[in-house]
There are 2 protein chains.
Amino acid sequence: METYYDILVDELKNKNLRLSAHRLKILQYLCENLNHPTADQIYVHLQKDVPTLSKTTIYNTLHVLHEAGLVRVINIEDNETRYDIIIESHGHFKCEKCGSIFNFKVDFNVLETKDLAGFKVKDKDVYFKGVCKKCLLNIESEN
Amino acid sequence: METYYDILVDELKNKNLRLSAHRLKILQYLCENLNHPTADQIYVHLQKDVPTLSKTTIYNTLHVLHEAGLVRVINIEDNETRYDIIIESHGHFKCEKCGSIFNFKVDFNVLETKDLAGFKVKDKDVYFKGVCKKCLLNIESEN
DNA sequence: GTTCCTGCAAAAGCTTTGCAGAAGA
DNA sequence: TCTTCTGCAAAGCTTTTGCAGGAAC
């Protein structure tokens with residue numbers, strides 16, 4: 001069975017991008033960790049395995065993967081950029097207590113609007129913020 | 001007739017926030033320029049009138065206005081934060097050619113999803129990116 | 001008279017850039 | 001062999017912080 005990773009590697013080949021060891025590591029990390037990591041989180045994690053890995057390479061690779069259409073950029077918060085492999089369109093919810101990001105289904109078709117008639121829409125992002133279920137329960141149990 | 005500015009000033013009074021000269025200037029600018037400026041754009045513009053104004057005050061004021069619920073924070077792009085007085089909920093479209101940000105109507109009710117059952121949702125943002133009508137026409141006329 | 005706001009300078013934090021050496025095709 | 005990638009160090013940008021003086025109430 002072909003995994004997300006395999007599919008993405010094929011995509012890289014198709015687009016004539018080099019399959020360097022570091023790129024594959026980063027891609028693998030993204031496929032195994034669908035928790036919308038920041039560049040720094042990827043760096044800290046992979047450095048354990050690959051001590052020579054630099055942040056520059058993380059940024060470079062994320063840019064390349066984004067331009068190739070394999071990675072989504074998430075700017076739900078102003079002071080951090082997060083990354084996500086693109087599986088299917090969904091919205092992102094960020095909990096202000098624990099900082100976790102959750103995916104949720106969004107019907108992007110219903111967002112069509114005549115206000116943007118004549119516009120070419122390439123990216124659609126839906127960002128929600130608030131408090132997640134788990135944190136809400138924790139707050140309740142404290143009172 | 002009461003303007004947006006008047007309404008917002010009343011809001012500040014109600015929340016016991018000080019109506020300093022600089023705060024009122026920044027609020028006035030936001031009411032008269034509904035083009036989602038960055039902190040720097042506000043700074044550059046207002047400095048002509050108020051040379052002593054500092055960027056620190058711009059940031060401070062924007063934070064205060066945001067916490068008071070009068071200003072919306074827009075993170076459609078990773079390297080810049082934009083600000084918007086809150087009139088009614090709408091989506092934001094950013095043109096990748098000219099950089100302009102357009103508002104468009106969004107029915108936020110249809111975005112409700114059972115995936116977030118039990119979550120407390122406080123903010124909802126819809127960000128689209130692409131090319132605006134005007135830039136599309138310019139591109140066509142070049143060919 | 002208090003409290004809060006302002007502005008300067010410095011620091012912090014994330015991201016980008018330039019360039020020489022290394023690795024991929 | 002040629003092209004592209006990598007990593008270091010430095011720079012760039014936006015935003016935050018600490019603190020003394022000043023303004024609002």
Side-chain angles (χ1 to χ4, degrees), chain A residues 9-29 36-68 70-83 94 99, chain B residues 9-29 36-68 70-83 94 99:
Chain A
V9 170
D10 284 348
E11 274 292 310
L12 282 184
K13 282 184 193 161
N14 290 340
K15 304 200 175 185
N16 283 321
L17 294 168
R18 291 199 177 163
L19 308 178
S20 73
H22 289 178
R23 277 191 184 162
L24 295 178
K25 270 278 180 190
I26 293 169
L27 198 52
Q28 190 189 356
Y29 178 84
H36 319 86
T38 61
D40 191 64
Q41 286 171 337
I42 301 170
Y43 174 68
V44 168
H45 186 96
L46 290 184
Q47 230 195 4
K48 293 171 192 163
D49 290 352
V50 192
T52 63
L53 184 67
S54 76
K55 259 194 182 175
T56 308
T57 300
I58 305 275
Y59 282 114
N60 170 37
T61 300
L62 289 171
H63 291 170
V64 169
L65 294 177
H66 176 56
E67 275 167 30
L70 303 184
V71 158
R72 187 202 318 276
V73 174
I74 303 172
N75 287 124
I76 198 169
E77 212 69 73
D78 55 331
N79 56 343
E80 61 181 19
T81 303
R82 292 171 172 276
Y83 302 88
K94 175 162 181 177
Chain B
V9 170
D10 285 348
E11 273 293 309
L12 282 185
K13 281 183 194 161
N14 291 339
K15 305 201 175 185
N16 283 320
L17 294 168
R18 292 198 176 163
L19 308 177
S20 73
H22 289 179
R23 277 193 184 160
L24 294 178
K25 269 277 180 193
I26 293 169
L27 198 52
Q28 190 189 356
Y29 177 84
H36 320 84
T38 62
D40 192 64
Q41 286 171 336
I42 301 170
Y43 174 68
V44 168
H45 186 96
L46 290 184
Q47 230 194 5
K48 294 171 191 163
D49 291 352
V50 192
T52 63
L53 184 67
S54 77
K55 260 194 182 176
T56 307
T57 300
I58 305 276
Y59 282 113
N60 170 37
T61 299
L62 289 171
H63 290 170
V64 168
L65 294 177
H66 177 56
E67 277 168 29
L70 303 184
V71 158
R72 186 201 319 275
V73 174
I74 303 172
N75 288 124
I76 198 168
E77 211 68 74
D78 55 331
N79 57 344
E80 62 183 17
T81 303
R82 292 172 173 274
Y83 302 88
K94 175 161 180 177

For A:Ile58 and B:His63, find the nucleotide of DNA chain D closest to each by heavy atoms; which residue's nucleotide sits nearer the 5' end? A:Ile58

Decide side-chain contact (heavy atoms from CB on, under 4.5 Å) for B:Arg23 and B:Asn60; before the verdict, give the C-alpha distance in whole Å, the side-chain angles of both, and the deciding distance to 0.1 Å. CA-CA 9 Å; B:Arg23 277 193 184 160; B:Asn60 170 37; 4.3 Å; yes

When you measure from the side-chain N and O atoms of B:Tyr59 to the phosphate of D:dT16, is any distance below 4.0 Å, counting only OP1 and OP2? no

B:Thr56 has its side chain closest, among D:dA9, D:dT6, C:dA9, to C:dA9

Could you give the CZ-to-C1' distance, from B:Arg23 to D:dA23, as a whole number of Å? 12 Å

Is the side chain of B:Glu67 donor-acceptor paired with the backbone N or O of B:Val64 at a distance under 3.5 Å, no angle test? no

Shortest side-chain distance from B:Asn60, nucleotide among D:dT6, C:dC14, C:dC5: C:dC5

Quick one: B:Lys25 NZ to C:dT6 P, roughly how many Å, whole number? 14 Å

Whole Å only: how far is the NZ atom of B:Lys55 from the C1' atom of D:dG18? 19 Å

Given DNA chain D, 5'-ward residue of the pair B:Asp40 and A:Leu53, judged by closest heavy atom: A:Leu53

Distance in angstrom units between B:Gln41 CD and D:dT15 P, rounded: 11 Å

So, does B:His22 get its side chain near the phosphate of D:dA24, meaning an N or O under 4.0 Å from OP1 or OP2? no

Among C:dT15, C:dG7, D:dC8, which is the nearest nucleotide to the side chain of B:Thr52? C:dG7

Take B:Thr81 and A:Asn79 through the side-chain contact (heavy atoms from CB on, under 4.5 Å) test and state the conclusion after the steps. CA-CA 9 Å; B:Thr81 303; A:Asn79 56 343; over 6 Å; no

Could you check how far CD of B:Gln47 sits from C1' of C:dG7, rounded to whole Å? 12 Å

Value in whole Å for how far the P atom of C:dC14 lies from CG of A:Asn75: 14 Å

Any side-chain to backbone donor/acceptor pair from B:Arg82 onto B:His36? Under 3.5 Å, distance only. yes

What is the distance from CG of A:Leu12 to C1' of D:dT4, rounded to the nearest Å? 14 Å

Between A:Ile42 and A:Leu62, is the side-chain contact (heavy atoms from CB on, under 4.5 Å) condition met? List the steps. CA-CA 10 Å; A:Ile42 301 170; A:Leu62 289 171; 4.1 Å; yes

At their closest point, which heavy atom of A:Ala39 faces which heavy atom of A:Tyr59, and how far apart are they? CB-CE2, 3.6 Å

Please check if the side chain of A:Gln47 supplies one atom and the backbone of A:Val44 the other of a donor-acceptor pair under 3.5 Å. no

A correct 5'-to-3' footprint of nucleotides 20-25 of chain C, with B, S and - meaning base, sugar-phosphate only and no protein heavy atom under 4.0 Å, is ---BBS

Base, sugar-phosphate alone, or nothing: which one does B:Thr81 contact when heavy atoms must sit under 4.0 Å apart? sugar-phosphate

Could you state the NZ-P distance from A:Lys15 to D:dT4, rounded to the nearest angstrom? 17 Å

